[in-house]
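Computed over heavy atoms, backbone and side chain alike; hydrogens, waters and symmetry mates excluded. Because the structure is a prediction, the values reported are computed rather than measured.
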Amino acid sequence: YISDTNNERIRKVNTSGIISTVAGNGTAGYGGDGGPPTSAELNNPVGIAVDKFGSIYIADYSNSVVRRVGRPFLPSVMVASSANPAVVGQTVTLTAKVIGQYGGIPSGSVTFVKNGTVALGTVTLSGGQASFIKVFTSPGTKSITAVYSGDTNFAASTSQALSQRVSKATTTTTLVSSPNPSTVGQSVTLTATVSPLLSTPNETVRFMNGANVLGTVPLTAGQATLNKVFTSAGMKSLTAVYSGDPTFASSTGTLTQTVN
């Protein structure tokens, strides 16, 4: 590279001896930042340095500045989660930080991507940071990346993948009976309530007396009911076991039924 000072240009000589202009339009002045290097105005360029990435730094003497010609800087992109692991239905804030070299603050936008192909949303950077709120509706481990768009000074870049773990949502099962206490031969209504309110088809509750299954009943609007006649007196250890599903975890409710 040659500082062609009096011609207000920077020249390049390739391995075949061919000279080309890489910066400067031949007019002394200051202008053209952010545009084509050969359209920029220089004023007495007197020195050159080249970094390992091939960027050229020009001592633009009479303008008292150092000018740069080259690729946009490659920033560092990081992505983090406010809750990891999370549960199905929980609000999770995904935050991306884009860090530029030499104190620069990148602009542009970040797209949050799940499992390499599913774009969750695109957010404009503010102060080099962008956040996106996501509610995951299924359990499992999700691979989350933040894809930075790039701007005039910084190249597009992608974060390393974040493994976001999402567990099944917890449930609570309560079991009540009526009447309690009861008498031998009397019909007792056992009612199991599962919360949160569930309406997924094929969900069931299994009623048990100790290790003996009394019956399995489908859930309707979050409840399952079984009528039982006890034929012997005593304290009955009853349980109601919610089966769970691909989204919600199983749970169990208990009570002691007194039969006189």
Side-chain angles (χ1 to χ4, degrees), residues 1-82 93-114 116-117 119-133 144-162:
Y1 292 93
I2 302 167
S3 291
D4 193 354
T5 303
N6 292 333
N7 285 316
E8 315 297 350
R9 288 186 170 98
I10 303 299
R11 312 284 197 180
K12 178 182 179 181
V13 183
N14 68 16
T15 56
S16 299
I18 304 299
I19 297 177
S20 61
T21 299
V22 295
N25 63 6
T27 301
Y30 183 83
D33 285 355
T38 54
S39 298
E41 295 178 350
L42 305 175
N43 200 342
N44 290 326
V46 296
I48 303 170
V50 181
D51 67 18
K52 65 181 180 179
F53 302 108
S55 296
I56 306 166
Y57 297 84
I58 304 166
D60 196 357
Y61 180 76
S62 294
N63 284 321
S64 301
V65 295
V66 175
R67 312 284 285 277
R68 176 180 174 272
V69 178
R71 301 178 186 175
F73 293 112
L74 185 66
S76 298
V77 183
M78 297 179 291
V79 63
S81 166
S82 64
T93 301
L94 302 173
T95 300
K97 292 183 179 180
V98 184
I99 303 171
Q101 295 103 323
Y102 313 116
I105 299 177
S107 59
S109 63
V110 167
T111 299
F112 294 89
V113 178
K114 181 182 75 173
T117 58
L120 302 177
T122 300
V123 182
T124 300
L125 283 172
S126 176
Q129 183 168 305
S131 294
F132 180 78
I133 295 175
I144 306 296
T145 53
V147 181
Y148 170 55
S149 64
D151 63 13
T152 301
N153 297 314
F154 295 95
S157 184
T158 300
S159 71
Q160 291 187 343
L162 166 73

[X], [atom1] atom: more than 12 neighbouring heavy atoms under 6.0 Å:
{"X": "I133", "atom1": "CD1", "answer": "no"}
{"X": "Y57", "atom1": "OH", "answer": "yes"}
{"X": "N14", "atom1": "CG", "answer": "yes"}

Between Y30 and D60, do the side chains contain an N or O donor and an N or O acceptor separated by less than 3.5 Å?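 No.
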
Validation row: [X], [Y] side chains within 4.5 angstrom (heavy atoms):
{"X": "V69", "Y": "V22", "value": "no"}
{"X": "I144", "Y": "K114", "value": "yes"}
{"X": "D151", "Y": "L125", "value": "no"}
{"X": "V110", "Y": "V98", "value": "yes"}
{"X": "T145", "Y": "V79", "value": "no"}
{"X": "I48", "Y": "S3", "value": "yes"}
{"X": "I99", "Y": "P75", "value": "no"}
{"X": "S81", "Y": "L162", "value": "yes"}

Please report the closest heavy-atom contact between [X] and [Y], naming both atoms and the distance.
{"X": "F112", "Y": "L94", "result": "CZ-O, 3.7 Å"}
{"X": "L120", "Y": "F132", "result": "O-CZ, 3.1 Å"}
{"X": "T111", "Y": "A119", "result": "CG2-CB, 4.1 Å"}

Without swapping roles, check the side chain of [X] against the backbone of [Y] for a donor-acceptor pair under 3.5 Å.
{"X": "S82", "Y": "T93", "value": "yes"}
{"X": "S149", "Y": "S109", "value": "yes"}
{"X": "N25", "Y": "T27", "value": "yes"}
{"X": "S159", "Y": "A146", "value": "yes"}
{"X": "N7", "Y": "R9", "value": "no"}
{"X": "T5", "Y": "P45", "value": "yes"}

side-chain hydrogen bond (donor to acceptor under 3.5 Å, both in side chains) contacts in which one or both residues fall within residues 38-47, not counting sequence neighbours: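 Every pair satisfying side-chain hydrogen bond (donor to acceptor under 3.5 Å, both in side chains) with a residue in residues 38-47: N44-S62.
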
I would like to know whether T95 and Q129 meet side chain to side chain contact (heavy atoms under 4.5 Å, CB included); could you show each step before the answer? CA-CA 7 Å; T95 300; Q129 183 168 305; 3.7 Å; yes

